[in-house]
Amino acid sequence: MKVRTRFAPSPTGYLHLGGLRTALYCYLYAKKNNGKFILRIEDTDQEREVEGAIQMIYDSLHAAGLHYDEGPDVGGDYGPYIQSERKDSYLPYAMELIEKGAAYPCFCTKEALAERREEATKRGETFRYDKLCSHISKEEAQRRMESGEPYVIRQNIPLEGSTSYEDVLYGKVEVPNNELDDNVLIKADGMPTYNFANVVDDHLMGITHVMRGTEYISSTPKYDLLYKALGWESPQYIHLPVVMKDATRKLSKRYGDPSFEDLLSMGYLKDAIVNFIALLGWSPGDNREFFTLDELVEAFSIEGLSKSPSIFNMEKLTWFNSEYIKKLSADEYYTLALPWFRQVFGNTKMDLRRLAELTHSRTEVFNRLPEMVAFLNELPNYEIELYTHKKMKTNSENSLQILQECLPLLSALDDFSEQTLHNALAAFITEKEYKNGLVYWPLRIAVCGQQNTPGGAIEMLYLLGKEESLRRIRDGIQRLSKEAI
RNA sequence: GCCUCCAUGGUCAAGCGGUUAAGACAUCGCCCUCUCAAGGCGGUAUCACGGGUUCGAGUCCCGUUGGAGGUACCA
């Protein structure tokens with residue numbers, strides 16, 4: 001049988017990382033088995049639907065490279081792929097269930113239910129629907145349904161025994177029937193609930209493997225009961241552990257955790273994110289950790305999936321990102337870095353290509369770039385203590401002397417190419433019998449105004465150019481002279 | 001509370017009855033070096049606890065503890 005998996009998000013906001021991972025695994029499993037990966041939008045709760053969320057799902061999936069074979073915006077033979085557009089296809093199956101005694105219409109009002117629920121809670125009990133309406137005779141039920149009285153259709157769960165199914169990952173999952181509620185299948189507005197729509201659609205769309213989060217692990221017996229009542233073959237169930245923010249909280253926007261889109265706009269590379277996410281809860285079994293999407297398809301297997309929740313480790317993602325950045329060609333890196341440089345410099349005659357070469361191996365995430373290079377645009381107001389460095393054997397006095405000696409030397413240079421600067425300074429150092437650090441340290445501090453810079457004194461002098469460099473050196477001399485008085 | 005599931009370093013994790021318990025991130029140290037990175041080398045750190053089963057348990061079973069998920073006319 002041809003494998004068909006589906007990713008079925010509800011359009012309630014951005015695509016969070018747990019969702020992205022579920023989509024990834026669905027995609028990988030389908031592709032690994034030469035099957036189809038399908039996108040279905042579960043918008044049966046119109047109240048919760050967020051404007052633009054469907055588009056965001058399309059965009060995120062495409063951005064991640066998870067191209068689906070069938071879906072609302074790409075078509076397919078099993079459409080429509082948006083549940084609200086399938087509204088009419090659910091009721092007949094619900095009627096069939098009523099006919100078979102596996103469901104019944106319920107006329108209890110929300111208010112009455114809330115009241116009974118409250119009472120049960122007061123007694124310290126978990127409220128489950130008391131099957132009140134299941135005792136109404138078929139004839140009366142029929143009459144009331146036709147009279148226009150509002151009603152829902154509930155699943156009729158057996159009172160005794162237990163229901164189990166075989167999860168591919170977790171093995172046998174068994175739940176006592178008295179723990180299972182007679183859930184609403186069709187709401188008063190005629191729209192199905194998730195509980196019903198997912199079963200009907202998975203069957204109608206020929207889904208062979210249902211991969212979804214573990215939040216459904218203990219309600220799946222109910223769904224399985226529905227398959228059986230309808231005489232349908234159950235799919236394979238593969239529940240996936242949740243992605244956590246830390247040991248006790250799951251990843252969520254509420255705590256300010258980034259979505260996939262957020263990460264992209266921060267300057268994380270999608271390949272790095274996908275690679276990292278794939279390894280969160282799945283292991284190839286060997287020590288390999290760098291994978292393209294195609295390589296993931298090749299390596300993926302259910303056996304490598306983990307059963308316990310895993311914590312989303314931002315530091316490791318960042319490490320992956322810096323590794324992916326290092327793999328970029330100089331041109332690719334430059335293209336990606338340029339907008340971030342522009343934030344700082346606007347239009348500049350500075351050699352940004354050279355700057356990019358220098359920042360390339362120092363970039364972990366692109367959004368850290370502006371801060372890294374801001375000093376080139378404007379000299380920070382720094383403390384002269386920076387001139388003092390034990391290992392370089394520098395202090396305010398000898399730094400002042402070095403700067404004063406370098407000023408005429410650099411002023412005399414025709415051009416400020418790195419080669420010229422290097423030759424001149426090397427000759428100067430040899431002639432004076434100085435140590436490299438004694439000269440380069442004060443120069444770099446004067447010209448950069450901060451301790452750490454993406455490159456050495458020569459590179460920084462070159463980037464700043466002659467005029468600005470000399471200005472900054474004079475500024476340094478002034479700061480140090482003031483101190484000397 | 002009840003039900004279901006899970007449990008190897010700080011984090012991701014390999015391990016499928018016999019291992020010196022891999023590897024990666026993080027962390028620490030050293031080398032390189034005009035700073036910071038990058039790169040190279042090395043160190044610290046894990047089987048939650050208690051009972052079984054077995055010649056032998058991180059691996060199997062039971063319990064405890066801890067954690068997660070569920071408990072809606074949400075998905």
Side-chain angles (χ1 to χ4, degrees), chain A residues 8-10 12 42-45 47-48 106 108-110 113-114 117 121 124-128 150-154 167 170-171 173-176 178-181 183-189 191-195 197-198 212-221 239 241-242 244 246-250 276 279-289 303-304 306-320 322 326 358-364 372 386 389 391-392 394 425 435-445 448 450-460:
Chain A
S10 38
T12 53
E42 310 228 322
D43 62 343
T44 53
D45 186 356
E47 305 257 310
R48 291 206 316 156
C106 170
C108 295
T109 62
K110 275 187 185 179
L113 250 18
R117 187 183 310 281
T121 310
E125 290 169 15
T126 301
F127 178 77
R128 279 187 209 85
Y151 68 95
V152 300
I153 296 176
R154 286 183 184 275
D167 187 282
Y170 289 93
V173 177
E174 183 167 24
V175 179
N178 61 14
E179 291 293 332
L180 266 21
D181 201 359
N183 280 140
V184 169
L185 266 21
I186 302 282
K187 305 184 224 182
D189 65 1
M191 198 63 103
T193 60
Y194 172 85
N195 301 313
N198 94 84
R212 59 171 45 141
T214 47
E215 61 265 34
Y216 300 109
I217 205 167
S218 49
S219 47
T220 295
H239 289 97
V242 291
M244 309 288 287
D246 56 37
T248 58
R249 290 176 294 175
K250 73 191 224 186
F276 170 68
L279 262 14
L280 241 201
W282 173 77
S283 163
D286 56 25
N287 284 333
R288 222 171 129 210
E289 55 185 352
E303 289 72 48
S306 166
K307 291 186 197 171
S308 42
S310 37
I311 298 172
F312 185 88
N313 184 342
M314 198 67 167
E315 281 177 335
K316 183 135 191 187
L317 200 219
T318 300
W319 174 78
F320 262 111
S322 65
K326 274 176 239 160
L358 294 169
T359 56
H360 195 153
S361 71
R362 284 169 243 254
T363 310
E364 293 185 302
M372 196 191 294
L386 275 183
H389 191 287
K391 201 169 157 221
M392 300 303 138
T394 60
L425 288 167
K435 296 291 246 181
N436 279 348
L438 182 65
V439 173
Y440 288 129
W441 181 273
L443 258 185
R444 201 171 53 80
I445 294 300
C448 301
Q450 65 186 35
Q451 194 172 83
N452 302 331
T453 57
I458 290 174
E459 289 89 350
M460 297 303 109

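Note that the structure is a prediction, hence the values are computed from the model and not measured. In what follows, chains carry the letters A, B, and so on, assigned in the order in which the sequence lines appear, proteins first and then strands, with residues in each chain numbered from 1.
Comparing C47(B) with A21(B), their C1' atoms are spaced 8 Å from each other, to the whole Å. Between U8(B) and C16(B), the two C1' atoms lie 14 Å apart (nearest whole Å). The separation of G10(B) from U46(B), taken at their P atoms, amounts to 7 Å, rounded to a whole angstrom. Only the C1' atoms considered, G15(B) is 42 Å distant from A72(B), to the nearest whole Å. Atom P of A38(B) sits at a distance of 25 Å from the matching atom of A45(B), rounded to the whole Å.
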What verdict does the side-chain contact (heavy atoms from CB on, under 4.5 Å) test give for K187(A) and D45(A), after you've listed the backbone C-alpha separation in whole Å, the side-chain angles of each residue and the deciding distance to 0.1 Å? CA-CA 10 Å; K187(A) 305 184 224 182; D45(A) 186 356; 4.2 Å; yes
Check step by step if side-chain contact (heavy atoms from CB on, under 4.5 Å) holds for T394(A) and L438(A). CA-CA 6 Å; T394(A) 60; L438(A) 182 65; 4.0 Å; yes
Evaluate side-chain contact (heavy atoms from CB on, under 4.5 Å) for L358(A) paired with M372(A), printing each intermediate quantity in order. CA-CA 11 Å; L358(A) 294 169; M372(A) 196 191 294; over 6 Å; no
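If you check every strand for non-hydrogen atoms under 4.0 Å, G281(A) touches sugar and phosphate atoms only. Residue contacts shown for M244(A) are limited to sugar-phosphate atoms, with no base heavy atom under 4.0 Å away. Base engagement by S218(A) is indicated by at least one non-hydrogen atom pair under 4.0 Å involving a base atom. Backbone-only contact: A247(A) has heavy atoms under 4.0 Å from sugar-phosphate atoms and none from a base. Residue-level contact check: K250(A) touches the backbone only, with heavy atoms under 4.0 Å from sugar-phosphate atoms and none from bases. Counting any heavy atom pair closer than 4.0 Å across all strands shown, P176(A) reaches sugar-phosphate atoms only and no base atom. Counting non-hydrogen atoms under 4.0 angstrom, G456(A) reaches a base of the nucleic acid. Nucleic acid contact for E303(A): none, since no nucleic acid atom lies under 4.0 Å from a heavy atom of the residue. The residue E174(A) sits close only to the backbone: its heavy atoms come under 4.0 Å of sugar-phosphate atoms, none of a base.
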With sugar-phosphate taken as primed atoms, P, OP1 and OP2 and all else as base, the protein-contact string of nucleotides 19-27 of chain B at under 4.0 Å (heavy atoms; B, S, -) is ---BSBSS-
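Rounding to the nearest 0.5 angstrom, the gap separating the OG1 atom in T214(A) from the NZ atom in K307(A) is 13.0 Å.
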Polar-atom pairs under 3.5 Å, protein N or O versus N or O of nucleotides 73-75 of chain B: list them with distances, or write none.
{"residue": "C73(B)", "atom": "O2'", "partner": "K110(A)", "partner atom": "NZ", "Å": "3.4"}
{"residue": "C73(B)", "atom": "O2", "partner": "A188(A)", "partner atom": "N", "Å": "2.9"}
{"residue": "C73(B)", "atom": "N4", "partner": "C108(A)", "partner atom": "O", "Å": "3.4"}
{"residue": "C74(B)", "atom": "OP2", "partner": "K187(A)", "partner atom": "NZ", "Å": "2.7"}
{"residue": "C74(B)", "atom": "O2'", "partner": "D45(A)", "partner atom": "OD2", "Å": "3.1"}
{"residue": "C74(B)", "atom": "O2'", "partner": "R48(A)", "partner atom": "NE", "Å": "3.0"}
{"residue": "C74(B)", "atom": "O2'", "partner": "R48(A)", "partner atom": "NH2", "Å": "3.2"}
{"residue": "A75(B)", "atom": "OP1", "partner": "T44(A)", "partner atom": "OG1", "Å": "2.5"}
{"residue": "A75(B)", "atom": "OP1", "partner": "D45(A)", "partner atom": "N", "Å": "3.2"}
{"residue": "A75(B)", "atom": "OP1", "partner": "K187(A)", "partner atom": "NZ", "Å": "3.1"}
{"residue": "A75(B)", "atom": "OP2", "partner": "Y194(A)", "partner atom": "N", "Å": "2.9"}
{"residue": "A75(B)", "atom": "O3'", "partner": "E42(A)", "partner atom": "OE1", "Å": "3.3"}
{"residue": "A75(B)", "atom": "O2'", "partner": "S10(A)", "partner atom": "OG", "Å": "3.0"}
{"residue": "A75(B)", "atom": "N3", "partner": "Y216(A)", "partner atom": "OH", "Å": "3.1"}

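For the pair T363(A) and S310(A), both in contact range of RNA chain B, the more 5′-proximal nearest nucleotide belongs to S310(A). Residue whose closest nucleotide on RNA chain B sits further toward the 5' end, between E179(A) and H389(A): E179(A).
Across all strands shown, G56(B) remains unpaired; no Watson-Crick or G-U wobble contact has both distances below 3.5 Å. G50(B) is paired with C62(B) under the criterion used here, namely a Watson-Crick or G-U wobble arrangement in which both key atom distances are under 3.5 Å. Summarising the base pairing, G39(B) is matched to C31(B) through a Watson-Crick or G-U wobble pair whose two defining distances lie under 3.5 Å. Both distances falling under 3.5 Å, in either a Watson-Crick or a G-U wobble arrangement, occur for no nucleotide opposite U20(B). Across every strand in view, C2(B) sits in a pair with G70(B) that passes the Watson-Crick or G-U test at under 3.5 angstrom.
Relative to the side chain of R444(A), the nucleotides C34(B), A37(B), C12(B) differ in distance, and C34(B) lies closest. Considering only side-chain atoms of W441(A), the nucleotide from U35(B), A68(B), A14(B) that sits closest is U35(B). Side chain of S361(A), nearest nucleotide from A38(B), C12(B), U35(B): A38(B). Relative to the side chain of D181(A), the nucleotides A72(B), U35(B), U4(B) differ in distance, and A72(B) lies closest. Among C6(B), C36(B), A13(B), the nucleotide with an atom closest to any side-chain atom of N452(A) is C36(B). Nearest nucleotide to the side chain of V173(A), out of G69(B), C5(B), C3(B): C5(B). Taking the side chain of K326(A) as heavy atoms from C-beta on, and the options A38(B), G67(B), U35(B), the nearest nucleotide is A38(B).
Of all the heavy atoms in S219(A) and E215(A), the pair that sits closest is OG-O, 4.3 Å. Here the closest non-hydrogen pair linking L279(A) and E289(A) is CD2-O, 3.5 Å.
Spacing between atom NZ of K307(A) and atom C1' of A14(B) amounts to 16 Å, rounded to whole angstrom units. One can place CG of L358(A) at 15 Å from P of U35(B), the figure rounded to the nearest angstrom. Atom OH in Y170(A) sits about 20 Å away from atom P in C3(B), given to the nearest Å.
Between the side chain of D181(A) and the main chain of N183(A), no donor-acceptor pair closer than 3.5 Å is present. In terms of modelled atom types and a separation under 3.5 Å, the side chain of R444(A) and the main chain of Q451(A) share a donor-acceptor contact. At distances below 3.5 Å, at least one donor-acceptor pair connects side-chain atoms of D167(A) with backbone N or O atoms of H239(A). Proximity of a side-chain donor or acceptor of T12(A) to a complementary backbone N or O of R48(A) within less than 3.5 Å is not detected.
Taking only distance into account, the side chain of K391(A) meets the base of U33(B) through a donor-acceptor pair shorter than 3.5 Å.
Between F320(A) and F276(A), the ring planes lie tilted relative to each other; the angle falls in the 30° to 60° range.
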